[in-house]
Structure formats: C-alpha cells, structure tokens
Amino acid sequence: MASAVTNKCNHGRLRTFLFLYPMFRLKNIRELTCLFICVFILTGQSLADDQDGSEDFLKREYSLVKPYRGLGFSSSSQWDLLGTAMVTPDHVRLTPDLQSRQGAVWSRVPCTLRDWELRVHFKVHGLGKKNLNGDGLAVWFTKERMQIGSVFGNMNQFTGLGIFVDTYPNDNKNHDRAFPYVSVMLGNGTLKYDHERDGRPTELGGCTAMVRNAIYDSFLLIRYSGNRLRIMVDVDGRQEWKDCADISGLRLPRGYFFGASSATGDLSDIHDLISMKLFQLAEEEEAEEEEEVVVPRVDNMEQFHVEVQEEGMSGVQLFFTLLFSMLGLMVLGVIAVVVYGRWKENKRKRFY
C-alpha cells in the first residue's frame with residue numbers, strides 16, 4: 001500500500017516536471033539565443049573595427065602601442081625617443097606646453113611592406129586661446145630618422161612622406177583655409193617645406209580637421225596601396241573616417257622609417273601620441289615587372305602644383321599711395337615754380 005502511494009506521488013512529480021520542463025527549456029533557449037546574437041553582433045563589430053573592411057594584419061614590429069614596452073634606449077627597443085619626447089603610462093608626450101620645444105619618436109625597423117595602412121591616435125591640447133597656440137605635429141615615412149629640424153621637429157629637405165597637422169596659420173595674407181589643417185608633402189631630398197606659407201607650394205592635398213582641444217581624441221589614417229595614397233580623419237567621435245586627401249600615382253621606396261614629431265615656437269601646445277598601428281594590407285596581384293622606386297615621386301607632379309601669388313596692395317593702400325604721389329608731385333611743382341621765379345627775377349636785375 002505504501003509502495004503504491006509512493007509510486008503515485010513519484011508519478012505526480014514526474015508529470016509536474018514534464019509539464020514545467022517545456023516552459024523552462026523554452027525560456028533558456030530564448031535567453032541563450034539572445035546571448036548568442038549579442039555575442040555575434042559584438043564580435044562582428046570588433047572584427048569590423050580591427051579589419052576595417054579589408055584583409056589586413058597588425059605588424060607589431062612597426063607599431064607603437066601601450067604599454068610602450070618597445071620604446072626606449074635599450075638595445076631591444078624598436079622605437080627611439082628624441083628631444084623632449086617622454087613616455088607616460090597613457091601616451092608619449094612629444095612636446096609639453098612650453099615654448100621652443102621639439103620632440104619625436106622614430107622606428108628602428110625599416111618598413112619593407114609594399115601595401116600598408118597606418119592608424120595614428122593622438123591628442124593636441126593646451127591653455128592657449130585660438131591662434132595663440134602652436135605649432136603642430138607631423139607623421140613621417142622617410143629615409144632619414146632621428147634628425148631635429150625646423151619642420152614640426154624634423155629636418156627640412158627630407159626624403160619621403162610627411163603628413164602635417166598644422167595648428168597655427170603663419171601666412172596671415174591667405175584666408176582660403178581654416179586651421180588646424182592637415183596637409184601632405186612628398187620630399188625628394190631637395191624640396192623645402194615653406195613654413196611662412198604653411199607649405200602651400202609643395203602641398204599635394206589636405207583638409208581642415210578641428211583636432212585642437214577637441215572633446216574626442218583624434219585619429220588619422222594613412223593608407224598606401226597600389227601607388228595610391230589616401231588620408232582620412234576621425235575627429236568628432238563618430239568612429240567614421242572622412243576623406244581628407246586622395247593622391248594617385250604616388251611612388252614610395254621600401255625600407256623607410258616611420259616616425260612622429262612635433263614642435264613649439266613662440267607659441268606652444270601639448271602634443272600627445274597615443275598609438276601608431278601599422279597594418280599590412282592584402283597585396284594586389286604582382287605586376288610582371290614591378291618598378292623599383294629609388295627616389296619618391298608623383299606622376300604628373302604639375303597637377304598638384306599650388307600657385308601662391310604674392311598679395312597685391314589693398315584698396316586703402318592704393319588710395320594712400322596715389323594720394324601721397326600726387327601730393328609729392330604738387331610739392332615738386334611748387335618748388336619748381338618758386339625756383340623758376342627767383343631765377344627769372346635775378347636775370348631781370350642783371351639788365352639794370
């Protein structure tokens with residue numbers, strides 16, 4: 001009898017469990033499904049951010065990232081510091097907010113990749129008001145390295161590629177662009193960067209990018225593939241790249257060095273480099289005979305030549321110039337009349 005009651009109770013529990021089990025199982029399946037979907041979306045976004053829609057691979061030997069273990073003065077370091085540059089846990093400070101400072105960081109390993117993409121994360125900030133700050137920073141891919149100079153902390157007449165983030169307008173005569181301004185220059189060892197004209201004579205392209213004292217950090221993307229150079233920026237926190245410059249027919253030799261530098265003059269700012277990540281892009285099909293590039297150049301360089309005209313006199317200047325010229329002529333005329341009158345009077349007296 002007891003056994004029958006026990007069996008009856010067990011059957012009741014079993015029926016209750018079987019009744020609740022589909023609901024319990026369905027609830028967990030829904031939760032697991034939602035969980036898998038979230039993981040898939042987040043993973044897809046992460047991969048999209050890392051890959052950026054292309055088959056590329058991070059090359060750590062050419063990259064500078066936290067905690068900056070490969071940066072310093074030891075023999076095993078892959079990056080060197082120069083000038084006022086110093087390492088902190090969060091960034092490499094190229095220059096402090098002090099006058100007449102120059103700092104740089106340079107890779108020790110020459111880059112032999114044909115197609116690559118460099119993503120630069122940086123921040124420019126300071127206490128100076130607008131147009132009372134300077135001078136800016138530059139990203140380099142050049143033959144020379146570790147040279148202090150006048151071009152944003154690097155040497156002039158460099159050989160290779162320079163991307164300049166110029167935060168101060170030196171040429172007050174031209175108002176055709178807003179600063180800060182990102183520009184591109186290709187140096188062949190003889191071309192000079194003209195600081196007084198903000199590099200206009202040698203500029204290949206550029207755009208305005210409000211990077212100074214911005215709410216969000218600034219990002220610069222430099223992509224070189226198939227003899228084409230593209231520059232893009234992200235400065236408004238939307239995580240969207242915006243086109244800045246697109247230059248085709250640009251030819252760079254291999255074996256150059258990556259670097260970043262900055263400088264301050266009579267005006268100053270803080271220039272912080274947070275990371276430089278280099279990605280190897282999936283190379284296009286090899287040409288039958290790939291041309292060896294010895295000196296950097298751009299096909300049809302004339303199409304990028306920027307005419308910088310000397311500013312003529314303004315209307316006010318022209319008015320005063322003409323006015324003073326007329327007054328000068330009138331004074332000379334009066335003097336001539338007076339002299340002539342005296343000469344004529346003296347000549348008349350000789351006859352008496």
Any donor-acceptor N/O pair, S262 side chain to H271 backbone, under 3.5 Å:
no
Shared hydrophobic cluster for L81 and F122 (ILVMFWY, side-chain gaps under 4.5 Å):
yes
Side-chain heavy-atom pair L229, L161 within 4.5 angstrom cut-off:
yes
Under 4.5 Å between any side-chain heavy atoms of M276 and V139, yes or no?
yes
Can you tell if the side chain of L98 reaches within under 4.5 Å of the side chain of T84, non-hydrogen atoms only?
no
Please check if the side chain of T142 supplies one atom and the backbone of E144 the other of a donor-acceptor pair under 3.5 Å.
yes
Only one of V182, V120, V124, V211 forms a side chain to side chain contact (heavy atoms under 4.5 Å, CB included) with S218, so which one is it?
V211
Closer than 3.5 angstrom, by distance alone: can the side chain of Y62 be matched with the main-chain N or O of F279 as a donor-acceptor pair?
no
So, taking the atom named CG in D299 and the one named OG in S248, what distance separates them when rounded to the nearest 0.5 Å?
8.0 Å
For the side chain of T167 and the backbone of P180, is there at least one donor-acceptor N/O pair under 3.5 Å apart?
no
For F152 and A138, the nearest pair of non-hydrogen atoms, with its separation, is CB-CB, 3.9 Å
Cluster check Y168, M185: I/L/V/M/F/W/Y, side chain < 4.5 angstrom:
no
Closest contact, heavy atoms only, Y224 versus R251
OH-CA, 3.6 Å
D115/R223 ion pair, N-O < 4.0 Å
no
Taking Y256 as the starting point, is it possible to reach V109 by hopping between hydrophobic residues whose side chains are less than 4.5 Å apart?
yes
Does atom CE of M86 have more than 12 heavy-atom neighbours from other groups under 6.0 Å away?
no
Quick one: does I231's side chain get under 4.5 Å of I163's, heavy atoms only?
yes
Check whether the ring centres of F164 and Y193 lie less than 6.0 Å apart, and answer yes or no.
yes
For S77 and W79, indicate whether the former's side chain and the latter's backbone hold a donor-acceptor pair under 3.5 Å.
no
Side chains of L267 and Q99, heavy atoms from C-beta outward: is any pair under 4.5 Å?
no
Give me the atom names and distance for the closest heavy-atom approach of Q280 to K59.
OE1-NZ, 3.6 Å
A85 to A104 - nearest heavy-atom pair and separation
CB-O, 3.4 Å
Charged N to carboxylate O below 4.0 Å: is that the case for D234 and K242?
no
I want to check something: taking the side chain as every heavy atom from C-beta on, are M232 and C244 in contact at a cut-off of under 4.5 Å?
no
What one should report as the nearest heavy-atom pair of G126 and D269 is CA-OD1, 3.3 Å
Here the gap from Q102 atom CD to D135 atom CG, rounded to the nearest 0.5 Å, amounts to 9.5 Å
Test item: T159 and N188 side chains (from C-beta on) under 4.5 Å apart, heavy atoms
no
Is R200 salt-bridged to D194, going by a charged N under 4.0 Å from an acidic O?
no
Going by atom types only, do N154 and S261 share a side-chain donor-acceptor pair under 3.5 Å?
no
Can you classify the ring geometry of W140 versus F158 as parallel (below 30°), tilted (30 to 60°) or perpendicular (above 60°)?
perpendicular
Between the CG atom in D246 and the SG atom in C207, the distance rounded to the nearest 0.5 Å is 12.0 Å
Is E117 salt-bridged to R119, cutoff N-O under 4.0 Å?
yes
May I ask you to check whether over 12 heavy atoms, not counting those of R108, lie within 6.0 Å of atom CZ?
yes
Looking at L327, I want to see if its CG is surrounded by more than 12 non-hydrogen atoms of other residues, nucleotides or ligands under 6.0 Å.
yes
Connected via hydrophobic side-chain network under 4.5 Å: V165 and V235:
yes
Verify side chain to side chain contact (heavy atoms under 4.5 Å, CB included) between N170 and R197, making sure each step is shown before the conclusion.
CA-CA 6 Å; N170 293 286; R197 298 180 179 179; over 6 Å; no
Angle between ring planes, F219 versus W241, binned at 30° and 60°: parallel, tilted or perpendicular?
perpendicular
Could you measure the distance from the CG atom of L281 to the OG atom of S225? Nearest 0.5 Å is fine.
5.5 Å
G205 and A245: which non-hydrogen atoms are nearest, and at how many Å?
C-CB, 4.1 Å
My understanding is that only residues two or more places apart in sequence, or in another chain, count here; which of them pass side chain to side chain contact (heavy atoms under 4.5 Å, CB included) with H125?
R93, K123, N213, I270, D272
Side chains of R145 and D80, heavy atoms from C-beta outward: is any pair under 4.5 Å?
yes
Rounded to the nearest 0.5 angstrom, the NE2-OG distance for H91 and S275 is 13.0 Å
The reported gap from CG in L278 to OG in S107 (rounded to nearest 0.5 angstrom) is 9.0 Å
Assess whether side chain to side chain contact (heavy atoms under 4.5 Å, CB included) is satisfied between S63 and L58, documenting all intermediate values.
CA-CA 8 Å; S63 300; L58 178 66; 3.5 Å; yes
Verify side chain to side chain contact (heavy atoms under 4.5 Å, CB included) between N227 and L250, making sure each step is shown before the conclusion.
CA-CA 5 Å; N227 298 326; L250 188 145; 5.9 Å; no
Would you sort out whether L221 and L118 count as a side chain to side chain contact (heavy atoms under 4.5 Å, CB included), showing the intermediate values?
CA-CA 6 Å; L221 185 146; L118 181 66; over 6 Å; no
Could you go step by step and tell me if W116 and F258 meet the ring-ring contact (aromatic ring centres under 6.0 Å, His included) rule?
CA-CA 12 Å; W116 47 265; F258 288 105; 5.1 Å; yes
Donor-acceptor pair, side chain of T264 and main chain of R101, under 3.5 angstrom:
yes
For F179, which fellow cluster members are found when Ile, Leu, Val, Met, Phe, Trp and Tyr are connected by side-chain heavy-atom distances below 4.5 angstrom, either directly or through intermediates?
Y181
Shared hydrophobic cluster for W106 and I148 (ILVMFWY, side-chain gaps under 4.5 Å)
yes
Under 4.0 Å between a Lys/Arg side-chain N and an Asp/Glu carboxylate O for R177 and D198?
no
Scan the side chains in residues 64-73 for donor-acceptor partners under 3.5 Å anywhere in the protein, sequence neighbours excluded, and list what turns up.
| residue | atom | partner | partner atom | Å |
| --- | --- | --- | --- | --- |
| Y68 | OH | D90 | O | 3.3 |
| Y68 | OH | I274 | O | 2.7 |

